[in-house]
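Accompanying notes for the structure given below.
Per chain, numbering begins at 1; letters A, B, ... match sequence-line order. These numbers come from a predicted model, not from an experiment.
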2 protein chains.
Amino acid sequence: MPRAYHHGNLRRTLLDAAVALFAERGAFDFTLRELARAAGVTHNAPYRHFAGKAELLEALRSEGFVALAAAAQASLSAAGDDPRKRVRALGDAYLRFAIDEPHRFRLMLHNPLGNADDPVVGQGNALSILKDTLEEARRAGVVRQDLSARELALAAWALVHGLSSLMVAGQIPADDARVRRYGKLLETTFFEGIARR
Amino acid sequence: MPRAYHHGNLRRTLLDAAVALFAERGAFDFTLRELARAAGVTHNAPYRHFAGKAELLEALRSEGFVALAAAAQASLSAAGDDPRKRVRALGDAYLRFAIDEPHRFRLMLHNPLGNADDPVVGQGNALSILKDTLEEARRAGVVRQDLSARELALAAWALVHGLSSLMVAGQIPADDARVRRYGKLLETTFFEGIARR
DNA sequence: CAAGCGATGTGGACAGTGTCAACATGGGTC
DNA sequence: GACCCATGTTGACACTGTCCACATCGCTTG
């Protein structure tokens, strides 16, 4: 049946079409008009919902951060009580997210608006979950006390984000075996360090 | 004076114009025709040197990896003999490279060709320099022996690459003070680990 | 319950893009 | 000194993002 003149929920449809196109080909190179076509709508309809292509991308990016935080929270909830396992669970969630949805992950990382403070990153996000978890670990006395939770979180973030990025960028193969092996390697590095005892 | 019909060294000029445009604005969004204009040449001349835009980008990317390896080598040469200082020097070089030339760094990381093995990354590059340096440290007995030099290198790479990426993406501010502070933080994390002793 | 207004979608236009094909030019090679 | 091939030019095409004026509808208000 023919679509009504008013689509009903075009905004959502466009965003979904965008992720679908992301997944189909391998990059951000989709086009606004393609999206419109996929949604069965003229090339100009998207402009009623987004000021331009950049704003649409920003919306996708923002949704990505929310999804990441949700994944982190879920993984954490299933991780039990051991502080170290909880930290590990967060790292795994991050890495899994990146590998499962490389296009979205790449988009999220690609902040075209320079480095102005980004409210998406600032609050209620995966980073603050990580910080809280490390604060727990710190209070539980299993990690060193001379670094703040914020510093610990930053180091952990850098570590797991680095591996994720390198894998997503294809610099390191991302097969299952390697993901498991390197995950463990990072855990060891992070907690024990590499210096000889 | 008017350029001769044959430019002489258009390929080089185009690549230079590309980095210049990279630096000027903040992104990869330059256009082939712009490059041609900047080089004082018609919009189709670039096609005599590159099959298309993708190939030009690939050339830039490749040059970036060479420059990075050179920077790493230089930093290493000035680092003295202490194995730990040498590792740290490599990390600093990487981070500095990323922050000084964020556009190039971003481009290098953005591998649009999926994850096929990339000869640029495979040999004579910064990664193998890092591996060699960690192998030295391992032989010198200052780092743990139960991990291979390759594993150690991978962990170090992930750590410093993570911080670099996050800073370049604007997720973490990249002022001088922070760069120094976080560099030290990563060094501590990497060598000592965060677990309580 | 009708009128009308604002939100949503349409159609056309414009400058600019990447790329292709045919043609022009001239420097290095026999 | 003539020729050939690499290099640069001109013209064209389909396509893009975005602007504008217009069409259509559903919700609100009287």
Side-chain angles (χ1 to χ4, degrees), chain A residues 1-62 103 106-107 110-114, chain B residues 1-62 103 106-107 110-114:
Chain A
M1 60 189 157
R3 273 269 158 264
Y5 192 94
H6 283 74
H7 182 286
N9 199 351
L10 185 55
R11 186 187 162 93
R12 190 61 277 145
T13 306
L14 286 172
L15 291 174
D16 290 347
V19 276
L21 277 182
F22 262 7
E24 197 176 314
R25 49 192 78 176
F28 319 40
D29 64 352
F30 74 93
T31 157
L32 256 197
R33 289 166 110 108
E34 249 175 334
L35 251 50
R37 253 171 270 144
V41 114
T42 22
H43 68 270
N44 249 320
Y47 282 82
R48 299 299 142 187
H49 298 273
F50 304 95
K53 192 179 182 179
E55 198 173 296
L56 191 149
L57 283 174
E58 196 55 32
L60 280 174
R61 217 168 85 84
S62 162
H103 324 95
R106 226 133 103 164
L107 175 64
H110 179 78
N111 179 359
L113 304 170
Chain B
M1 63 191 153
R3 274 267 158 263
Y5 193 94
H6 283 71
H7 181 285
N9 200 350
L10 186 54
R11 184 186 163 95
R12 189 65 272 155
T13 305
L14 286 172
L15 291 174
D16 291 347
V19 277
L21 277 182
F22 263 6
E24 198 175 313
R25 49 191 81 174
F28 318 40
D29 65 351
F30 73 95
T31 158
L32 257 194
R33 289 165 110 109
E34 249 174 333
L35 251 51
R37 252 172 271 143
V41 114
T42 22
H43 68 268
N44 248 319
Y47 283 82
R48 299 299 142 187
H49 298 274
F50 304 96
K53 193 178 182 179
E55 197 173 297
L56 191 149
L57 284 174
E58 196 55 32
L60 280 175
R61 216 168 86 84
S62 161
H103 324 95
R106 223 132 108 165
L107 175 64
H110 179 78
N111 178 0
L113 304 169

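The two residues B:Leu14 and B:Leu35 come nearest to each other via the heavy atoms CD2-O, 3.8 Å. Nearest heavy-atom pair, A:Ala36 versus A:His43, reported as atom, atom and distance to 0.1 Å: CB-CA, 3.9 Å.
Of the listed nucleotides (C:dG18, C:dG12, D:dG8), C:dG12 has the atom at the smallest distance from the side chain of A:His43. The B:Leu32 side chain lies nearest to C:dG18 when the options are D:dT18, C:dG9, C:dG18.
Contacts between residues 48-57 of chain A and DNA chain D, defined by a heavy-atom separation below 4.0 Å, involve A:Arg48, A:Gly52, A:Lys53, listed by number.
Every pair passing salt bridge (Lys or Arg N to Asp or Glu O under 4.0 Å) that includes a residue from residues 33-47 of chain A is listed here, sequence neighbours excluded: A:Arg25-A:Glu34.
Protein atom OH of B:Tyr47 is 15 Å distant from nucleotide atom C1' of D:dT10, rounded to whole Å. As a whole-Å value, the separation of B:Arg37 CZ from C:dT17 P is 5 Å. D:dT16 atom P lies 11 Å from atom CG of A:Leu35, rounded to whole Å. Taking atom CG on A:Asp29 and atom C1' on D:dT16, their separation rounds to 13 Å, with Å as the unit.
Annotation: side-chain contact (heavy atoms from CB on, under 4.5 Å) contacts of B:Thr42 (sequence neighbours excluded): none. For A:Asp16, the side chain to side chain donor-acceptor pair (under 3.5 Å) partners are A:Arg12, not counting sequence neighbours.
The base of C:dG18 sits within donor-acceptor range of the side chain of B:Arg33, with an N or O pair under 3.5 Å. If you check distances only, the side chain of B:Asn44 never reaches the base of C:dG18 with a donor-acceptor pair under 3.5 Å. No donor-acceptor contact under 3.5 Å links the side chain of A:Arg11 to the base of C:dT8.
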Quick one: side chains of residues 46-56 of chain A, donor-acceptor pairs under 3.5 Å with protein atoms, not counting sequence neighbours, listed by atom name and distance.
from, atom 1, to, atom 2, distance (Å)
A:Lys53, NZ, A:Phe30, O, 3.0

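Regarding contacts with the backbone of D:dC15, every side-chain N or O of A:Thr31 stays at 4.0 angstrom or more from both OP1 and OP2.
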